[in-house]
Structure formats: C-alpha cells, structure tokens
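Read the structure below first, then the notes.
Here, residue 1 is the first one in the sequence, and each next residue gets the next number.
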Amino acid sequence: KGLWTIARTLNLFELSGIPSEKIELVASIHGEATFITLNNNAYRSKFGRDNPNLNLIKQLKENGVELYVCSQATASRKINNKDLNINVISALSGIAVLSNHLIKGFTLMPN
C-alpha cells in the first residue's frame with residue numbers, strides 16, 4: 001500500500017506541472033513492510049512466490065524516489081543485506097532517515 005501511495009504522489013506532482021527535477025521523495029521502510037525489500041530469490045524462499053513489489057520499486061527508483069530500509073528492522077527479521085533488492089538503500093535506522101530528512105526541510109507524509 002505504501003509504495004502505491006508514493007507512486008500516486010509522484011504522479012500527482014508531475015500532473016500538476018511540477019518539474020521532475022524539483023520533486024524529491026524519500027521513503028523509510030520498516031516493521032512488517034521490511035519484507036517487501038527482499039530480492040526475488042529471498043522473497044520466494046520465504047513466501048513461496050515471486051516478490052510482487054519488484055517492478056514498482058524499480059519504477060520508483062528510476063523516477064528518483066529514494067527507498068531506504070531500516071537495518072534495525074532487517075536485523076530483527078534476520079534479513080541479510082545480500083537478500084535486499086538492489087533498488088533499496090540499507091539505512092542505520094528508519095528513525096534516522098526520517099529525522100535527517102526532516103532537518104533538511106522535507107515534510108513527513110505518514111502512511
């Protein structure tokens with residue numbers, strides 16, 4: 001659900017005429033959502049099917065969205081960095097991503 005909200009937000013900004021170089025979206029993925037950041041092999045191993053989020057994650061990255069995953073969340077779920085999707089950035093913590101971007105003037109959009 002969160003990835004689709006990001007995609008819709010990006011589309012709305014572009015449809016309203018905001019130039020793409022002026023749009024900066026960052027997502028901090030944590031908690032149970034952490035599993036969407038798995039690469040296909042790791043996801044298939046855990047859930048027995050392909051990761052349905054891969055294409056959307058790739059498209060978001062291609063459109064400039066930075067997707068971070070909380071290393072605290074991956075560690076608590078025993079996810080190794082080698083099992084993460086290449087389009088996701090491992091961050092020390094989700095809270096650090098949020099606080100650092102808020103300091104830089106980003107606006108929080110809870111999902």
Self-check item: Taking every non-hydrogen atom, the tightest pair across G31 and A73
Solution: N-CB, 3.8 Å
Quiz item: T34: what forms a side-chain hydrogen bond (donor to acceptor under 3.5 Å, both in side chains) with it, not counting sequence neighbours?
Solution: none
Quiz item: Same cluster for V69 and W4 if Ile/Leu/Val/Met/Phe/Trp/Tyr side chains link at under 4.5 Å?
Solution: yes
Practice problem: Please round to the nearest 0.5 Å and tell me the distance separating atom OG of S45 and atom CG of D83. | Solution: 8.0 Å
Practice problem: Under the side chain to side chain contact (heavy atoms under 4.5 Å, CB included) rule, collect the residues that match up with L98, sequence neighbours excluded. | Solution: S28, L108
Quiz item: What residue pairs, at least two apart or across chains, pass ring pair (Phe, Tyr, Trp, His ring centres under 6.0 Å) with a residue in residues 24-61?
Solution: F35-F47, Y43-F47
Quiz item: Would a hydrophobic clustering, with Ile, Leu, Val, Met, Phe, Trp and Tyr connected at side-chain separations under 4.5 Å, put F106 with L25?
Solution: no
Practice problem: Please round to the nearest 0.5 Å and tell me the distance separating atom CG of L38 and atom CZ of R44. | Solution: 12.0 Å
Exercise. With sequence neighbours excluded, tell me which residues meet side chain to side chain contact (heavy atoms under 4.5 Å, CB included) with A33.
Key: I29
Quiz item: Residues two or more places apart in sequence or in another chain: which of them pass side chain to side chain contact (heavy atoms under 4.5 Å, CB included) with I86?
Solution: none
Self-check item: Within residues 92-110 or reaching into it, pairs that qualify as side-chain hydrogen bond (donor to acceptor under 3.5 Å, both in side chains) - sequence neighbours excluded
Solution: none
Quiz prompt | Non-neighbouring partners of E66 that pass side-chain hydrogen bond (donor to acceptor under 3.5 Å, both in side chains), sequence neighbours left out | solution = Y68
Quiz item: Honestly curious: do I79 and V97 fall in one hydrophobic cluster under the side-chain, below-4.5 Å linking rule?
Solution: no
Quiz item: What pairs with N87 under side-chain hydrogen bond (donor to acceptor under 3.5 Å, both in side chains), at least two apart in sequence or on another chain?
Solution: N85
Quiz item: CG/N81 to CG/N39 distance, rounded to the nearest 0.5 angstrom?
Solution: 11.0 Å
Quiz prompt | Partner set under side-chain hydrogen bond (donor to acceptor under 3.5 Å, both in side chains) for E32, not counting sequence neighbours | solution = R77
Check: residues 54-64 side-chain donor-acceptor pairs under 3.5 Å, at least two apart:
| from | atom 1 | to | atom 2 | distance (Å) |
| --- | --- | --- | --- | --- |
| N55 | OD1 | Q59 | NE2 | 3.3 |
| N63 | ND2 | Q59 | O | 2.8 |

Quiz prompt | CG on L3 to OG1 on T37, rounded to 0.5 Å | solution = 10.0 Å
Quiz item: Which pairs, with at least one residue in residues 6-20 and sequence neighbours excluded, count as a side-chain hydrogen bond (donor to acceptor under 3.5 Å, both in side chains)?
Solution: T5-R8
Exercise. Using distance alone, with no hydrogens and no angle criterion, decide if N53 and N51 have a side-chain donor and acceptor under 3.5 Å apart.
Key: yes
Quiz prompt | Any residue meeting ring-ring contact (aromatic ring centres under 6.0 Å, His included) with F13, in chain and number order, not counting sequence neighbours | solution = none
Quiz item: Taking atom CD1 of I95 as the centre, does the number of heavy atoms from other residues, nucleotides or ligands within less than 6.0 Å exceed 12?
Solution: no
